[in-house]
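Contents: one structure, followed by commentary.
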Amino acid sequence: MNRPIYLDAHATTPVDPRVLEAMLPYFSDKFGNAASKTHAYGWSAEAAVELCREVVAAAIGAWSPKEIVFTSGATESNNLALRGVMEAAAPGSHLVTTAIEHHAVLDPARHLERLGYEVTFVPVEPNGIVDPIRVAAAMNARTALVSVMTANNEVGTIQPIAELGRITRERGVYLHTDAAQAIGRMAIDVDRMGIDLMSMSAHKIYGPKGVGALYVRSRGPRVRMVAQMDGGGHERGLRSGTSNVPGIVGLSKACELLSTESRAENERMRVMRDRLYAALLASVEGVALNGDPERRLPGNLNVSIAGIPSDTLIGALPEIAISSGSACTSASLEPSYVLRAMGQSDERARSSLRFGVGRFTTDAQVERAAELVAAKVRELRSAADAGTLGVARRG
Ligand SMILES: *Cc1c(COP(=O)(O)O)cnc(C)c1O
């Protein structure tokens, strides 16, 4: 049996063979604990980790490798950024974020709210982009942190981070951004964009699962924050726990590949994504694009198909690995909260499909996927016409 066509690159990506090759020695030969200071095993592991810190720092324009804190992924990085900064700020301080953040930001924000901090969830425009004026208007004298994702994981919209950076810098407030989807897919420079904290994840960029990083600015301004994991004082005291050396090597190799290849790769992905959209428009009635047609990730296509609930369609299409939105909401019958926050109807939010084109996607796969979707929609609609399925016929 053929494996399903993988078009879910927002959920995760396969480890690039070159990344795996770079990691392998660190599971066996080079197994040392990077914190062991008394022998060569430790020294060589530490040297590898420090080299990776330089590569990751360079990839995002960080001034110093010391500004990179290795973590278990973007969820941990987001938690560390939000809780760590707010805990170091005055009691009752204010956090500004948006309604379309990943759960790994929304949930820590709600947690902070329960702890007595004030949180504002700024709404977004119908194209999924947050208006910096609304963010500025939401800020008050007690605002300590603004957290806005660089690019959204459902509709791929790219947020005006540089503009937000100017606003936050002017007011002496830290800016955090969850860049898990954005790394490598667009130019990111923490200085130019005025970013003070930034979350990354290796498994979204063809690295391994379970490793990521948080960028924490050390000067102009120096970020004051409190560790959320205490122990041996690893990562300059900000994240205790024995370093995941093979994972860190994988993250670094993944960043290195992006720095040389992402420009051409993004162009290739954009062309395939546009071809997929064109094929769906030509063969399926009632296809509507969700998000912004221009300001979005090159591999992202999010559409709603009128009258076709996404769970019905996805369930009927085992040949394609796609989702309706974030991995969490697609498992339930809840419509996408991202589309709802963009002002879309429940029905449209329930009929959303998220396609994620990636590094290893081929033209043939994209073409085949469009054909399969078109055929299945036709089948579901004629069944609906015959009254055998609860799917509304729509034009
Ligand atoms: C995948 C993702 C996360 C979670 O990252 P993990 O490394 O899996 O914890 C957080 N934010 C965004 C925007 C993501 O796409």
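- Distance alone, capped at 3.5 Å, places no donor-acceptor pair between the Asn33 side chain and the Gly42 backbone.
- Judged purely by distance below 3.5 Å, without hydrogens or angles, the side chains of Asn266 and Arg185 pair a donor atom with an acceptor atom.
- Taking 4.0 Å as the cut-off between side-chain N and carboxylate O, Arg134 and Glu125 count as a salt-bridged pair.
- Not a single ring-ring contact (aromatic ring centres under 6.0 Å, His included) links Tyr117 to another residue, sequence neighbours left out.
- Distance alone, capped at 3.5 Å, places no donor-acceptor pair between the Tyr6 side chain and the Gly356 backbone.
- In terms of heavy atoms, Val56 sits closest to Cys255 at CG2-SG, 4.2 Å.
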Item to check | Derivation and outcome, side-chain contact (heavy atoms from CB on, under 4.5 Å), residues Tyr26 and Ile248 | outcome: CA-CA 10 Å; Tyr26 293 92; Ile248 290 167; over 6 Å; no
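- Remark: Glu113 CD is packed, more than 12 non-hydrogen atoms of other residues, nucleotides or ligands lying under 6.0 Å away.
- Salt-bridge annotation for Glu319 and Arg368: absent, with no side-chain N of the basic residue lying under 4.0 Å from a carboxylate O of the acidic one.
- Here the closest non-hydrogen pair linking Asn302 and Ser352 is OD1-CB, 3.8 Å.
- The distance from the CG atom of Leu353 to the CG atom of Leu7 is 11.0 Å, given to the nearest 0.5 Å.
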Checklist entry - Hey, mind stepping through Arg166 and Glu163 against salt bridge (Lys or Arg N to Asp or Glu O under 4.0 Å) and telling me if it holds? => result CA-CA 5 Å; Arg166 278 191 290 279; Glu163 250 176 288; 5.0 Å; no
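- Side-chain contact annotation: Ser304 with Asn290, donor-acceptor N/O pair under 3.5 Å present.
- Atoms OG1 and NE2, from Thr12 and His203 in turn, are 4.5 Å apart once rounded to the nearest 0.5 Å.
- Side chain of Arg381 to backbone of Glu285: a donor-acceptor contact under 3.5 angstrom is found.
- By the 6.0 Å contact criterion, NZ on Lys30 is open, its count of non-hydrogen atoms from other residues, nucleotides or ligands being 12 or less.
- The pair Arg350-Glu347 does not meet the salt-bridge criterion, since no charged nitrogen lies less than 4.0 angstrom from a carboxylate oxygen.
- Side-chain contact between Arg296 and Arg273 is present, with heavy atoms from C-beta onward closer than 4.5 Å.
- Defined by atom type and a distance below 3.5 Å, a donor-acceptor pair is present between the side-chain atoms of His94 and Thr120.
- The existence of a salt bridge linking Lys253 and Glu256 is confirmed by a sub-4.0 Å separation between a basic side-chain nitrogen and an acidic carboxylate oxygen.
- A donor-acceptor contact under 3.5 angstrom links the side chains of Ser199 and Asn78, judged on distance only.
- Each ring-ring contact (aromatic ring centres under 6.0 Å, His included) pair with one or both residues in residues 360-387, not counting sequence neighbours, appears once here: Tyr206-Phe360.
- Val55 and Val216 are assigned to two separate hydrophobic clusters, defined by single-linkage of ILVMFWY side chains at heavy-atom distances under 4.5 Å.
- Shown here for Ala88 and Val226, the closest heavy-atom pair between the two residues is CB-CG2, 3.6 Å.
- Under a hydrophobic-cluster definition in which Ile, Leu, Val, Met, Phe, Trp and Tyr are linked whenever side-chain heavy atoms come within less than 4.5 Å, directly or via other members, Ile129 and Ile100 are assigned to different clusters.
- Annotation: the span from Ser351 atom OG to Ile308 atom CD1 amounts to 8.5 Å, rounded to 0.5 Å.
- For Tyr41, the OH atom sits in a loose shell: 12 or fewer heavy atoms of surrounding residues, nucleotides or ligands are nearer than 6.0 Å.
- Side-chain N or O atoms of Thr97 include one that pairs as donor or acceptor with a backbone N or O of Ser147 at under 3.5 Å.
- With Arg217 contributing its side chain and Val190 its backbone, the two residues share a donor-acceptor pair below 3.5 Å.
- With values rounded to the nearest 0.5 angstrom, Asp363 atom CG is found 11.0 Å from Leu276 atom CG.
- Under 4.0 Å is where a charged nitrogen must lie from a carboxylate oxygen, and between Arg268 and Glu261 no such pair does.
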Next on the checklist: Go through it in stages, so that I can follow the logic: the residues are Glu265 and Ser262, the test is side chain to side chain donor-acceptor pair (under 3.5 Å), and I'd like the CA-CA distance, side-chain angles, deciding distance and then a yes or no.
Outcome noted: CA-CA 5 Å; Glu265 179 170 295; Ser262 69; over 6 Å; no
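- No donor-acceptor pair closer than 3.5 Å links the side chain of Glu54 to the backbone N or O of Pro65.
- What you find for Arg142 and Gly92 is that their closest heavy atoms are NH1-O, 3.8 Å.
- Side-chain contacts under 4.5 Å among hydrophobic residues (ILVMFWY), followed directly or transitively, place Leu24 together with Val15, Val19, Leu20, Met23, Phe27, Leu257.
- Listed here is the closest heavy atom pair of Val245 and Ala34: CG2-CB, 4.3 Å.
- Leu317 and Val366 fall within a single hydrophobic cluster, where Ile, Leu, Val, Met, Phe, Trp and Tyr side chains are chained together by heavy-atom contacts under 4.5 Å.
- Placement of Tyr277 and Val377 within a single hydrophobic cluster is found when ILVMFWY residues are connected by side-chain heavy-atom separations under 4.5 Å, directly or transitively.
- Ile167 and Val173 fall within the same hydrophobic cluster, where Ile, Leu, Val, Met, Phe, Trp and Tyr residues are linked whenever their side-chain heavy atoms come under 4.5 Å apart, directly or through other members.
- Judged purely by distance below 3.5 Å, without hydrogens or angles, the side chains of His10 and Glu154 never pair a donor atom with an acceptor atom.
- Nearest heavy-atom pair, Val148 versus Ile161, reported as atom, atom and distance to 0.1 Å: O-CD1, 3.6 Å.
- Atom OG1 in Thr150 sits 6.5 Å away from atom CG in Asp178 (nearest 0.5 Å).
- To the nearest 0.5 angstrom, Arg354 atom CZ is 8.0 Å from Asn300 atom CG.
- Using a cutoff of 4.0 Å between basic side-chain nitrogens and carboxylate oxygens, Arg224 and Glu87 are not scored as salt-bridged.
- In this structure, a donor-acceptor pair under 3.5 Å is present between the side chains of Glu76 and Ser72.
- When atom types are taken as modelled, the side chain of Thr98 and the backbone of Val122 share no donor-acceptor pair closer than 3.5 angstrom.
- Using a 4.0 Å cut-off between charged nitrogen and carboxylate oxygen, Glu21 and Arg18 do not count as a salt-bridge pair.
- Remark: Glu267 engages Arg270 in a salt bridge, criterion side-chain N to carboxylate O under 4.0 Å.
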